[in-house]
Amino acid sequence: MSEFANPPASGDGDSGFGPSVRRIVASLTDSDWRRLGGCMFAAVLVALMTGTSGNAQHLTAGVTGSLFRPRIVFFLLIGLALWAVMTAWTRYRDDIRDGLAPARKVQAEVTGNRWVQYGGFVAVLLLAILIPPQLSVFWQQVLVSQIGVFVLLTIGLNVVVGFAGLLDLGYIAFYAIGAYTAAYFTGYPDNKRGHISPLPVHPPFHVNPFFVFPLAVIACLIAGLLLGAPTLRLRGDYLAIVTLGFGEIVRIVINNSESVTNGPRGAFGIPHFSIDVWKLKYHWTLDLMPYWYLLVAIIAIVFVLFRQLENSRVGRAWTAIREDEVAAAATGIPTLKYKLMAFAIGASTSGLAGVIFASEVGFVAPDNFVLINSLLVLVYVIFGGMGSLPGAVAGASFLIWLPNKLRDLVAPQDRFIYFGALLVVMMIFRPQGVFPSRRRAREIGLAEAGSGGADAMAAPGGAL
Amino acid sequence: MTAPPVEEIDAVSGVDDPVVQVSHLTLRFGGVTSLSDVSLAVARGEILAVIGPNGAGKTSLFNCLTGVYVGEKGTISFLPRPGEQVPLAGRKPHRITQLGLARTFQNIRLFNALTAIENVKIGVESRQRTGPIGAMLRLPRTRREDRASDARASELLEFVGLRAQANRLAAALSYGEQRRLEIARALATQPALLLLDEPAAGTNPAEKADLERLIRRINTEMGLSVLLIEHDMRLVMSVAARVAVLNFGKLIAAGTPAEVQRNPAVIEAYLGAADPEEGESDAAPG
Amino acid sequence: MCFTHSFWQLTISGLSDGFLYALIALGYTLVYGVLQLINFAHSEVFMSGGFGGLFAVQAVVDSNKTPHGVASVMYVLLGVLVGALVGGAVAFVLERVAYRPLRRRNAPKLAFLISAIGASLFLVNIAGKEFGRLAIPMPNLYTNGNVFSVFGAQVQTNFVVIAIAAALMLIFLDRLVAKTRLGQGIRAVAQDADTASLMGVNIDRVISQTFVIGGLLGGAAGFLFGMVFNVQYNMGFTPGVKAFTAAVLGGIGNIRGAVLGGLLLGVVENLGVSCVQSAWRDVIAFGILVLVLLFRPTGLLGERLGRSA
């Protein structure tokens, strides 16, 4: 600003484009130059990501086609523009923040208001009921088999990662357990009457998959406790790897136990839901909307239950454990028990989703439960906001909708490129997620200022 | 350096109704002996202060009591009620807290992203029975316990003088307020014995006076026994009924504050060792 | 026992795998030592070395003629060097892009792990996009035959090449950590980063160099792996997890431990696989991982970490 107060004394040569540029360049700090390098690098990466693909025969086709072409200039210019915006932001950030502060306050008061939250919930519910029937079959398909199921998974993982701060990379294993439990119990005790069971093994009794829910929950609870009891004492990063290993072990075991699970071929013929109890009769069929409504109902119920959980002593205990495990234990919280609780609740939710998936599609196979799906759910949780239930719903919905919307531009398997980059970018610029829970945003802010751990990753040390 | 005549330092007998009894506790880390054959007892309803130069083993003693460390030798007995004796060795910290032994930390460990009242509620809730199912369904018992937790937490904040700060973030409180909040949180777990680890460290004289009053009120109004680590001798002299002195992991003196002040071994420990608590002319007794 | 029949043969192949695991494990253990962080994306550093070496070798070797003698040695050397350099470069960029910004702002530990996962996802899939998703064999650099036999087991050229290359790299690393200033820096930061910085050690540079060293070794391992098997966009995942298991088995942060863990894991895995179907091969490694973390998380030789605050 001082150059305006004291304009240089010399003549024409000091005004105009050149000298202004020179002045700006001179005012750049080291971190500005670093940022420029970062933006240029990012521009090259994006050019690569959006460029042509290569293959085994033409290994360099992708790189040369993406980078050694005129299009690279376009990307570099975008990178430069981004850098300019970012640099301006760091210069004027405080001014902008101060300017926005009153608006932020209003926003916080409004969204914190209970009635607003109830209203929002009802509004979303109404939209979820009224809009889908108007959509095309393609989008209905996306809603039911992707969004619905994955939103439920995301909410469940949010309890584990977001509320309790435990990084579970094998989450999809519980999904598998739920699905295969559905496959199992919808089989028939014997083959005499010519019924074909989805699995080679026969259950003690036969139920419709609608009534498998409690059985799947129990199976997942047991599995969650078995996995969690020995491993939840571990440091956070070790826990992550162990759960990853567990997820893979489950998949490999399912894949190789042909006599029990039908191996890689998977289980066929899982019936649709149907209720035939007393006066209540309803059968689900291939029709998508009934499944969608069932999903919406289940998600709504789970959402409310978990919301109550979050605001209860259990939620507070989880926050305490995340913040400072030593202090939490000293305040009488049995940390292992609460971690197990989160783990088990997350596992059961995953199992629920598995049952719905199995019944809706009618077919499950080990390929549905690969590691990448665990990571996908994690991406949704992180993007939406760890510990934020609305964030989980919104984040999952958005990140599933987007690749489907862009399906003509981006090949489906390429979306992981973007998701991977998204995770890194989010951790650097917005770790609290897009729709953070207030508590979480506070925690991260405080952790960065040096107080508190903000998660259960730090080693639960003994001494002070 | 002439060794004082070796006499049995007795911090145990004369205590008819101990709330905690430490017998021959020894703690070693690799080559360092943090505690060496330490025996002491805290009488029910008394305030016992543990003093000693830095590195004497005071916090190690606390850590043994609260289950963070396990001593190589010796026993610790906790008597939450007269006649009810519970060995503490090998128990997990949260179990010990639930048995009735609460502590504060030397370098304040609050849940910074939570409000003051939430911090205290966590302490209160450690005694409640609501589980995940009750929480999810908001059963009547859960709602009752929630209200009770709110009420009790408010009471405790009032007791320590933080009523007005109830909804402020713990991180936003002043240092003295944070210390009091940590004490409130510890009190919320309904302890029989409260361990205070240097509660006056880093506080100004006004805050120290408040703390003095608070500790006395905890003892007289709430009937709690208090075991206190402190460097501030004025505070120690004014609240403690008895004082135990540690040096290099050994108990070198025990008795009333006046007796300890005159004890030659204690004087030597403080004047002989470089005391970093300079500026506090009352740091060296006598 | 099921493996006694071909014990020595299995042990030889186990050692061969083991050397590769050891090289990759060192990357994990070195980074863990200075940052207390599992570099989840290290498996992609390994993969990039494989592709780097592949490009180098494809450029100079005529796939119709299998070279021999000195030419073979030269080509292997070239592949190892280029693979190592590419691995080191990727590791360097990885540290700068995915970890350093987080360190700058004191991010909670969970953020590092998530960023690592993101980086890994990104690298795997961009490799898949650029190079296709099929396995790509390397041109033969030598004829793989039986060189000599030990206790009745045949030792092949592949084993000799891997063993010699790995041994040389391990010796180099050992000298580096023990004798050089850089090695001292790494050990200092691993023990106590704050004190090290007070003593004048440039933490940022040491961390960056640690990543690079790990990347050099991992990249070289990637080339060797690709030379013996194939190069593929997702070749990093399984060896990565196994190498991590090896690092933990030996004691995370402990260099000798990583080597011991790698060799041990390779041998146990090969012996074990002869007892069960080969489909269960990976379960053995995962199983060992789970068991070690549950019953002896400090590993065989013990952890050597910097103290966490």
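Quick note: numbers below take in every heavy atom, side chains included, and nothing from hydrogens, waters or symmetry partners. What you see is a predicted model, and the numbers here were worked out from it, not measured in a lab. Naming convention: chains lettered A, B, ... in sequence-line order (proteins, then strands); numbering from 1 in each chain.
Nearest heavy-atom pair, A:A327 versus B:F105, reported as atom, atom and distance to 0.1 Å: CA-CE1, 4.2 Å. Shown here for A:A320 and B:I122, the closest heavy-atom pair between the two residues is CB-CD1, 3.6 Å. Across all non-hydrogen atoms, the minimal contact from B:L110 to A:E323 is O-OE1, 4.4 Å. The nearest pair of heavy atoms linking A:T331 to B:G123 is CG2-CA, 3.5 Å. Closest heavy-atom contact between B:H94 and A:P334: CE1-CB, 3.3 Å.
With respect to the salt-bridge test (charged N to carboxylate O, under 4.0 angstrom), the residues B:E125 and A:R316 qualify.
Heavy-atom proximity under 4.5 angstrom to chain A picks out B:R185, B:T189 from residues 175-193 of chain B.
Residue with the most contacts toward chain A among B:D146, B:L114, B:I96: B:L114 (heavy-atom pairs, distance under 4.5 Å).
B:Q98 contributes a side-chain N or O that, together with a main-chain N or O of A:G332, makes up a donor-acceptor pair within less than 3.5 Å. Listed for the B:T97 side chain is a donor-acceptor partner under 3.5 Å among the backbone atoms of A:A330. With hydrogens and angles ignored, the 3.5 Å screen pairs a side-chain donor or acceptor of A:R313 with a backbone N or O of B:Q128.
With a threshold of 4.5 angstrom between heavy atoms, B:L169 approaches chain A through side-chain atoms but not through N, CA, C or O.
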Hey, mind stepping through A:L309 and B:M136 against side chain to side chain contact (heavy atoms under 4.5 Å, CB included) and telling me if it holds? CA-CA 5 Å; A:L309 200 59; B:M136 283 197 265; 3.7 Å; yes
